[in-house]
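Working notes for the structure below.
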Amino acid sequence: MAKAIAQYFKRVFDDYQVLVMVNPGDWTGTELIVHPDGKIEKTAIEADEEIFEDLEADGFQSCSPLEFQLLLAKSQS
């Protein structure tokens, strides 16, 4: 069985942005909140099969895995 490929989403608010990575194989993922001062909050998430519809309804759009991974690396340094 092939490994599920993570999907990445982003929404920009007035003064911060939220990026979400979802692994559709087990519905786990990571949420990054990027604050105006550059601080990045990282949260593990558990979702269900409706996560993609929920993200779309909330105004999230697909984003680059590279952007997410760079911010994730920055949050860990």
Side-chain angles (χ1 to χ4, degrees):
M1 181 174 179
K3 182 178 177 183
I5 297 174
Q7 295 184 35
Y8 299 85
F9 302 89
K10 176 180 178 179
R11 180 169 176 197
V12 178
F13 295 87
D14 289 336
D15 60 348
Y16 66 99
Q17 60 183 329
V18 178
L19 291 90
V20 178
M21 183 273 300
V22 177
N23 179 348
D26 62 4
W27 305 112
T28 61
T30 303
E31 176 184 72
L32 301 177
I33 300 173
V34 183
H35 295 274
D37 64 0
K39 179 183 173 193
I40 301 172
E41 290 181 57
K42 177 181 142 187
T43 306
I45 59 171
E46 291 186 22
D48 59 27
E49 60 276 353
E50 296 177 3
I51 184 68
F52 300 120
E53 292 85 7
D54 294 342
L55 288 168
E56 183 178 351
D58 289 341
F60 282 79
Q61 297 181 348
S62 293
C63 74
S64 164
L66 180 59
E67 179 180 12
F68 183 93
Q69 294 298 329
L70 287 171
L71 288 169
L72 179 62
K74 185 177 177 182
S75 77
Q76 296 171 347
S77 59

Linked, directly or transitively: L32 and F60 (ILVMFWY side chains, under 4.5 Å): no
Cluster link L72 to V22, ILVMFWY, side chain under 4.5 Å: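 L72 does not cluster with V22.
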Looking only at heavy atoms, which two atoms of [X] and [Y] are closest? And how far apart?
X   : Y   : value
F13 : V18 : CE1-CG2, 3.7 Å
M21 : A6  : SD-CB, 3.6 Å
Y16 : V34 : CB-O, 3.2 Å
P36 : D15 : CG-O, 2.6 Å
P24 : I5  : CD-O, 3.4 Å

How many angstroms lie between [atom1] in [X] and [atom2] in [Y], if you round to the nearest 0.5 Å?
X   : Y   : atom1 : atom2 : result
R11 : Q61 : CZ    : CD    : 10.0 Å
L19 : I40 : CG    : CD1   : 9.0 Å
N23 : Q7  : CG    : CD    : 9.5 Å

Residues forming a side-chain contact (heavy atoms from CB on, under 4.5 Å) with E41, sequence neighbours excluded: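 Testing E41 for side-chain contact (heavy atoms from CB on, under 4.5 Å), a comparison that skips the adjacent residues, returns I33, H35, K39.
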side-chain contact (heavy atoms from CB on, under 4.5 Å) partners for I45, two or more places apart: V20, E31
Side-chain donor-acceptor pairs under 3.5 Å in residues 50-58, sequence neighbours left out?
none

Y8 and Q69 side chains, donor-acceptor separation under 3.5 Å: yes
Check against side chain to side chain contact (heavy atoms under 4.5 Å, CB included), F9 and C63: CA-CA 5 Å; F9 302 89; C63 74; 5.5 Å; no
